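Remarks on the structure that follows.
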Amino acid sequence: FTAEVSRSLRVCEGAITVFDGMQGVETQSETVWMQANQYKIPRLGFINKMDRPGAVLETTVDSIRKRLRSEPLLLNVPSDDSYQLKSLIDLPSLTVQTFDESGKEVTIEAAADCGDAIAERALFYRAQLIEQLANYHDELADEFLAGKEAGEIDEALIHQAVFEAVNLHGAVGLYCGSALKNKGIQPLIEGAIRYIPSPENVRPLATDADGTTVTLEAAKKKPLRALAFKVVSDRDKGMITFFRVYQGMLKNRQKLMITN
């Protein structure tokens, strides 16, 4: 399993790590995390099973900080400390997402309209997030040091700071929820789109057959450049090669040259 993960991580732009809200960081999670560090992969985390008795948000966050040596950035939190997980507070936007029993229907409201307790909880965790992000983003740090209130800092600036923290400084953006009940999954997907870099924004280097180093671009009209990262033997189909296309387009019956 470890070798399989290492080969796959090599061709990823980003990753989402799922943590157990009751167990925190487990041994295998720690192993895979260290492998991802080798390839400097931007990561988000999903704290799962937050609807189970025994799930403690702060304990899981603390285990990520201590065992993985990464700065955890909470991007949403449950609206209270019960295990019902009826709603989640999105900290950048200061909105509350309330779920029905199936998890399919979601109602979104401003945190300020959901009662004093939720509004205060939202501002408390948002202030913590902003203080953390001030270490990674100069413009946000200026507003934080100027004494600007947590609720007054622009949402777009927070998104920008999270992107830089996750992609340039090794921080991990964290979302909460319950995968079984489909709670918190949509914010996680939106976070992946927002914070994990697109292949169009990543320019890896490659070596041509003549030894020339080239910068690759995610464009169909460019010459094909791909990396074979896994080979398996199938009883019916024979040898199967898995590869990641970084540039160009592969056509049927096209011949490829191996450069190393």
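Just so you know, residue 1 is the first one in the sequence shown, and it goes up from there. Because the structure is predicted, anything quoted here is derived from the model rather than measured.
Residue pairs meeting the side chain to side chain donor-acceptor pair (under 3.5 Å) criterion with at least one partner in residues 74-83, sequence neighbours excluded, are Ser79-Ser87, Asp80-Ser82, Asp81-Arg121. Sorted by first then second residue, the salt bridge (Lys or Arg N to Asp or Glu O under 4.0 Å) pairs that include residues 63-72, not counting sequence neighbours, are Glu30-Arg67, Asp62-Lys66, Arg65-Glu71. Identified under the side chain to side chain donor-acceptor pair (under 3.5 Å) test for residues 234-255, with sequence neighbours left out: Glu13-Arg244. Within the structure, every pair that satisfies the side chain to side chain donor-acceptor pair (under 3.5 Å) test and touches residues 150-159, not counting sequence neighbours, is listed here: Glu155-His159, His159-Tyr195. Here ring pair (Phe, Tyr, Trp, His ring centres under 6.0 Å) pairs that include residues 121-158, with residues two or more places apart or in two chains, are Tyr136-His169. Screening residues 40-50 for salt bridge (Lys or Arg N to Asp or Glu O under 4.0 Å) gives Asp20-Lys49 as the qualifying pairs, with residues at least two apart or on separate chains. Applying the ring pair (Phe, Tyr, Trp, His ring centres under 6.0 Å) test to pairs two or more places apart or on separate chains, none has a residue in residues 10-52.
Ala112 pairs by the side-chain contact (heavy atoms from CB on, under 4.5 Å) definition with nothing, not counting sequence neighbours. Evaluation of the side-chain contact (heavy atoms from CB on, under 4.5 Å) rule for Ile158 yields Pro92, Arg126, Leu129, Ile130, Leu133, Leu140, Ile153, Val162 as partners, not counting sequence neighbours. Residues meeting the side-chain contact (heavy atoms from CB on, under 4.5 Å) test with Ala110, sequence neighbours left out: Asp113.
Rounding to the nearest 0.5 Å gives a distance of 4.5 Å between CD of Gln186 and CD of Glu190. Interatomic distance, CG of Leu250 versus CZ of Arg225, reported as 13.0 Å (0.5 Å rounding). In this structure, OG in Ser93 is found 8.0 Å from CG in Leu91, a value given to the nearest 0.5 Å. The CD1 atom of Ile108 sits 9.0 Å away from atom OG1 of Thr98, with the distance rounded to the nearest 0.5 Å. Going from atom SG of Cys12 over to atom CZ of Arg7 covers 13.0 Å, rounded to the nearest 0.5 Å. Note that CD of Glu143 is 12.5 Å distant from CD of Glu149, once rounded to the nearest 0.5 Å.
Following chains of ILVMFWY side-chain contacts shorter than 4.5 Å, one cannot reach Leu205 starting from Leu216, and the two form parts of different hydrophobic clusters. Cluster membership check: Val11 shares its hydrophobic cluster with Ile240, using side-chain heavy-atom separations under 4.5 Å among Ile, Leu, Val, Met, Phe, Trp and Tyr. Hydrophobic clustering, with ILVMFWY side chains joined whenever heavy atoms are under 4.5 angstrom apart, groups Val166 together with Ile189. No single ILVMFWY cluster, assembled from side-chain heavy atoms under 4.5 Å apart, contains both Leu123 and Ile118. Hydrophobic clustering of Ile, Leu, Val, Met, Phe, Trp and Tyr side chains at less than 4.5 Å, counting indirect connections, keeps Met22 apart from Val18.
Closest approach of Pro199 to Ala218, counting heavy atoms only: O-CB, 3.9 Å. What you find for Asn167 and Pro197 is that their closest heavy atoms are OD1-CD, 3.0 Å. Residue Ser70 comes nearest to Val172 through the heavy atom pair CB-CG1, 4.3 Å, listed as atom of the first residue, atom of the second, then distance. Nearest approach of Val25 to Ser63, heavy atoms of both residues: N-OG, 3.3 Å. Closest approach of Gly21 and Thr60 over heavy atoms only: O-OG1, 3.2 Å. Among all heavy-atom pairs drawn from Ala122 and Ile89, the shortest one is CB-CG2, 3.5 Å.
Here Val231 sits in one hydrophobic cluster together with Met239; the rule is ILVMFWY side chains under 4.5 Å apart, joined directly or through other members. Taking Ile, Leu, Val, Met, Phe, Trp and Tyr as members and joining any whose side-chain heavy atoms lie under 4.5 Å apart, directly or through other members, Val202 forms no hydrophobic cluster with any other residue.
Here the side chains of Glu109 and Gln97 are not in contact, with every heavy-atom distance at 4.5 Å or above. Residues Leu57 and Met50 are in side-chain contact: their nearest non-hydrogen atoms beyond the backbone lie under 4.5 Å apart. Here the side chains of Val232 and Phe242 are in contact, with some heavy-atom distance below 4.5 Å. Leu74 is listed as a side-chain neighbour of Cys176, based on a closest heavy-atom distance under 4.5 Å. Under the 4.5 Å side-chain criterion, counting only non-hydrogen atoms from C-beta, Thr17 is not in contact with Val32. Considering only heavy atoms from C-beta on, Leu174 stays 4.5 Å or farther from Leu73 through its side chain. Leu88 places none of its side-chain heavy atoms less than 4.5 Å from the side chain of Val96. Within the 4.5 Å cutoff, the side chain of Leu224 has heavy atoms near those of the Leu256 side chain.
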* To do: Quick one: do Asp51 and Lys181 satisfy salt bridge (Lys or Arg N to Asp or Glu O under 4.0 Å)? Show the steps, please.
  => CA-CA 9 Å; Asp51 57 339; Lys181 297 182 179 178; 3.5 Å; yes

* Stepwise side-chain contact (heavy atoms from CB on, under 4.5 Å) test for Ile47 and Val61 -> CA-CA 9 Å; Ile47 304 177; Val61 171; 4.2 Å; yes

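For the pair Gln132 (side chain) and Pro72 (backbone), a donor-acceptor distance under 3.5 Å is present.
More than 12 heavy atoms of other residues, nucleotides or ligands lie within 6.0 Å of NZ in Lys148, so this atom counts as buried by the packing criterion. No more than 12 heavy atoms of other residues, nucleotides or ligands sit less than 6.0 Å from atom CG of Asp138.
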